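Before any comments, here is the structure.
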Amino acid sequence: MAANGKDHPLEIVSKVWPIKTAKCEQRKVEVFNRADPEQLREIFLKYASVVEDGEHYMTYGDLIQKYLNFLGEGCDEFTLKLFASSVDTSRDGKISFTEFQAFEAVLCLPDAMYALAFQVFDRNGNGYLSCDEFEDIIKHTTLNREIPFNFNSEFIKLHFGKDKQRKITYPEFTQLIHDFHEEHALQAFRRRDKGDTGYINAKDFEEIMCKLKSYLLTPFVKENLVTVAMGGGHRQISYSYFTAFVSLLNNLELIQKVYLACTRRDKTMEVTKEEMLYQAQEFAQITPLEIDILFQLVGLKHQTGRVTFEDITDLSPAEGRETPYSIQMRIAQEKLALEQGTERTVFLEILESVYRFTLGSIAGATGATAVYPIDLVKTRMQNQRTGPMVGELMYKNSWDCFKKVIRHEGVLGLYRGLGPQLVGVCPEKAIKLTMNDLMRDKLTRKDGYIPLWAEMIAGGTAGASQVMFTNPLEIVKIRLQVAGEVHGKAKVSAFTVIKELGFMGLYKGSRACFLRDIPFSAIYFPAYANTKKALADENGYNSWGTLLLSATIAGMPAAAIPTPADVIKTRLQVQARTGQTAYNGVIDCIRKIYREEGGWAFWKGTPARVFRSSPQFGVTLLTYEVLQRLFYVDFGGRRPEGSEPQSVQLEKQLSRNPDHIGGYRLALATFNGMESKFGLCLPKFKSSIQT
């Protein structure tokens with residue numbers, strides 16, 4: 001049946017559990033678009049390793065390990081079979097394209113997590129769940145191994161009948177799996193209440209909460225479970241306190257409503273315990289004991305005796321509370337934002353480029369001024385010759401150069417040539433930053449992911465784009481920087497340098513500029529983007545400190561590696577004095593430097609270059625991103641990454657594999673959600689259990 005490929009996907013789905021197609025079509029829940037059938041077939045054939053009678057099939061390993069990459073090598077065979085059989089509706093050990101397509105339809109449903117769980121439990125594929133099937137799966141969960149569940153309990157008999165022969169449907173299963181966690185916790189409490197006193201000790205309370213209710217616990221709550229439980233002076237935890245604690249964590253959204261009712265929706269007000277108790281009378285689900293526990297938890301953070309909206313929000317964990325439906329909604333919003341970005345008018349794109357150019361100019365000037373003295377020292381060290389015709393070295397090292405400039409030329413000598421530098425660095429950094437952002441926007445895929453090679457192309461293009469504009473300004477800057485080394489010579493100004501060089505002379509050393517700036521930017525911008533991600537907080541937000549640190553760290557390899565090209569550029573652009581070697585192009589310069597000064601000469605000024613470029617770009621990128629935050633203008637594009645908090649958990653769960661299209665982008669999130677919400681944490685690696 002599954003092999004003929006003629007059944008419609010929704011027909012296959014309907015055989016797993018009752019689903020009325022007409023109602024689905026009337027609702028038109030298009031939160032997450034289905035994959036294109038032809039594109040999905042191409043992907044299926046790419047991973048299908050079995051061919052029988054001209055039909056292609058996936059093995060269980062093809063789907064779970066190779067395609068979804070959910071379980072790695074050496075995984076638990078029972079778990080692999082369990083997850084894969086939820087797709088294999090015919091239960092013949094092979095997955096046809098029809099079944100592959102039907103599973104993609106399941107993942108797009110708002111109740112995908114429940115639907116997938118039902119398919120996992122319904123091992124016979126008949127659309128009904130027996131007690132034996134339910135028990136078999138639960139017993140294989142890691143949670144049940146730590147705290148066993150009693151399958152002879154009244155809870156099981158109420159759902160499956162006294163003789164446990166009743167079979168339940170998909171709608172009934174959704175309630176069963178929802179209530180199962182509460183029953184499991186109740187059984188765990190009774191098991192640890194050995195004297196039937198209605199009390200357990202604090203350590204048992206902590207163990208039950210951490211193992212059975214971990215998805216409700218923030219790190220703060222988890223660390224303080226024993227502290228808050230013992231806060232009332234009781235050595236043991238009553239059943240009432242236990243259920244109230246769980247209920248509070250389950251109903252934090254309702255607690256927020258109580259708070260907002262107290263403050264008339266003012267989230268900045270502090271509310272007392274008495275005010276919360278008074279308002280909670282209108283909410284039958286909230287008890288005074290739950291309010292008491294709330295204030296005990298908040299009291300561990302501060303001793304004001306009041307709570308704020310932020311206090312309540314901090315008790316609600318982000319991890320594990322995403323549902324497939326909410327994930328679909330957020331992906332839909334992401335997609336809408338991306339589509340709006342791609343459909344922008346040319347006028348808006350031009351305005352955005354002008355906006356970025358302006359901010360980049362300010363950022364570039366700030367960064368250049370901050371490190372200009374280091375740049376001057378770097379230039380003079382690179383221009384210092386060690387050939388046989390030069391004589392005594394003027395500078396022993398970078399520090400010696402710095403001291404002699406101040407001694408002979410004054411503090412202002414450290415800023416010689418800053419004027420032309422600022423005239424050039426503003427458009428230089430503006431062009432580089434704007435072009436990098438523009439190319440990243442163009443090379444970013446529709447799902448918001450940009451591969452490393454695209455990041456390097458964007459950076460390299462940004463580096464190349466600046467050379468034609470900045471080379472003339474750089475050569476003027478360099479000649480002004482070294483002019484102070486020669487005493488008694490006529491004063492050198494930017495005008496005299498331009499007049500002496502002429503138009504073509506202003507592009508002397510441009511080839512070396514390309515050799516330096518393209519690798520620099522191709523290394524720098526990807527390194528910065530990835531370092532920024534690594535240093536972001538748990539919500540994906542970058543503070544000013546992490547922005548500065550990311551930009552500074554990225555500048556180190558980017559500045560050091562292209563140093564030979566920078567030395568060549570400097571030698572070509574500086575006017576040779578009497579007795580110094582003159583160079584005739586890049587190749588001639590390389591040969592003469594190597595012959596006269598050796599290979600190490602190409603790395604002259606590397607420390608100064610790193611100490612200059614690294615903090616310069618640190619200050620520049622920090623200024624650029626901070627300006628975009630302070631003066632944010634929405635042009636319908638993307639905000640700088642890390643500029644606002646976002647769900648890192650969602651980002652981890654969403655697949656960026658280009659072969660994961662449509663509902664398959666949600667596969668990992670759905671499997672993980674099923675495990676964390678329903679306690680179906682199955683062993684991932686090989687175990688001694690035989691199936």
Side-chain angles (χ1 to χ4, degrees), residues 1-17 19 21 34-109 112 115-130 133 136-137 140 170 655 657-668 670-671 674 682 684-686 689-691:
M1 177 180 65
N4 58 26
K6 294 181 181 179
D7 289 344
H8 190 277
L10 288 179
E11 293 177 2
I12 296 292
V13 174
S14 67
K15 294 172 184 176
V16 181
W17 74 88
I19 180 171
T21 308
R34 293 283 312 281
D36 177 73
E38 292 304 317
Q39 189 179 1
L40 196 62
R41 182 180 290 276
E42 290 180 9
I43 292 171
F44 174 81
L45 295 176
K46 178 179 176 181
Y47 289 89
S49 62
V50 177
V51 180
E52 292 182 4
D53 300 327
E55 291 287 341
H56 292 261
Y57 299 92
M58 276 186 176
T59 65
Y60 287 178
D62 290 339
L63 176 73
I64 301 298
Q65 294 173 303
K66 294 181 181 178
Y67 177 59
L68 294 179
N69 197 27
F70 185 60
L71 299 174
E73 295 296 327
C75 67
D76 184 88
E77 293 180 4
F78 178 82
T79 304
L80 172 64
K81 184 177 180 181
L82 204 60
F83 285 144
S85 62
S86 66
V87 184
D88 178 20
T89 56
S90 60
R91 301 300 194 269
D92 59 0
K94 304 182 298 253
I95 299 168
S96 67
F97 172 68
T98 306
E99 292 168 328
F100 183 74
Q101 189 178 26
F103 188 63
E104 190 266 336
V106 171
L107 294 171
C108 287
L109 295 173
L116 176 59
F118 184 77
Q119 287 190 226
V120 168
F121 277 93
D122 181 20
R123 301 186 67 186
N124 295 325
N126 59 5
Y128 294 92
L129 179 64
S130 69
E133 289 174 323
D136 186 39
I137 302 249
H140 279 84
Y170 168 69
S655 170
N657 186 333
D659 289 340
H660 293 176
I661 61 175
Y664 280 110
R665 274 196 70 199
L666 289 168
L668 181 61
T670 308
F671 275 118
M674 182 185 71
L682 293 157
K684 297 294 191 300
F685 303 101
K686 287 183 179 179
I689 293 180
Q690 302 296 324
T691 62

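What you see is a predicted model, and the numbers here were worked out from it, not measured in a lab.
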Closest approach of K94 to D92 (non-hydrogen atoms, all atoms of both residues):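 The answer is O-OD1, 2.8 Å.
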For T59 and I95, work out which heavy atoms get closest and say how close.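 Taking T59 first and I95 second, the nearest heavy atoms are O-CD1, 4.3 Å.
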How many angstroms lie between atom [atom1] of [X] and atom [atom2] of [Y], to the nearest 0.5 angstrom?
{"X": "Y170", "Y": "D122", "atom1": "OH", "atom2": "CG", "answer": "12.5 Å"}
{"X": "Y47", "Y": "L68", "atom1": "OH", "atom2": "CG", "answer": "9.5 Å"}
{"X": "Q119", "Y": "T89", "atom1": "CD", "atom2": "OG1", "answer": "7.5 Å"}
{"X": "F121", "Y": "S130", "atom1": "CZ", "atom2": "OG", "answer": "11.0 Å"}
{"X": "L63", "Y": "F103", "atom1": "CG", "atom2": "CZ", "answer": "7.0 Å"}
{"X": "E38", "Y": "D36", "atom1": "CD", "atom2": "CG", "answer": "6.5 Å"}

Using a 3.5 Å distance criterion without hydrogens, assess whether the side chain of [X] forms a donor-acceptor pair with backbone atoms of [Y].
{"X": "D53", "Y": "E55", "value": "no"}
{"X": "E104", "Y": "G662", "value": "no"}
{"X": "D62", "Y": "K66", "value": "no"}

Side chains of E99 and S90: is there a donor and an acceptor less than 3.5 Å apart?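 A donor-acceptor contact under 3.5 Å links the two side chains.
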Distance-only polar pair, side chains of D88 and S85, donor-acceptor under 3.5 Å: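 Per modelled atom types, D88 and S85 side chains form no pair under 3.5 Å.
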For the residue pair [X] and [Y], establish whether any side-chain heavy-atom pair is separated by less than 4.5 Å.
{"X": "H56", "Y": "F97", "result": "no"}
{"X": "P37", "Y": "Q101", "result": "yes"}
{"X": "F83", "Y": "L116", "result": "no"}

When D659 is tested against each of Y67, F44, Y664 for side chain to side chain contact (heavy atoms under 4.5 Å, CB included), which residue passes?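 Going through the options one by one, the only one that passes is Y67.
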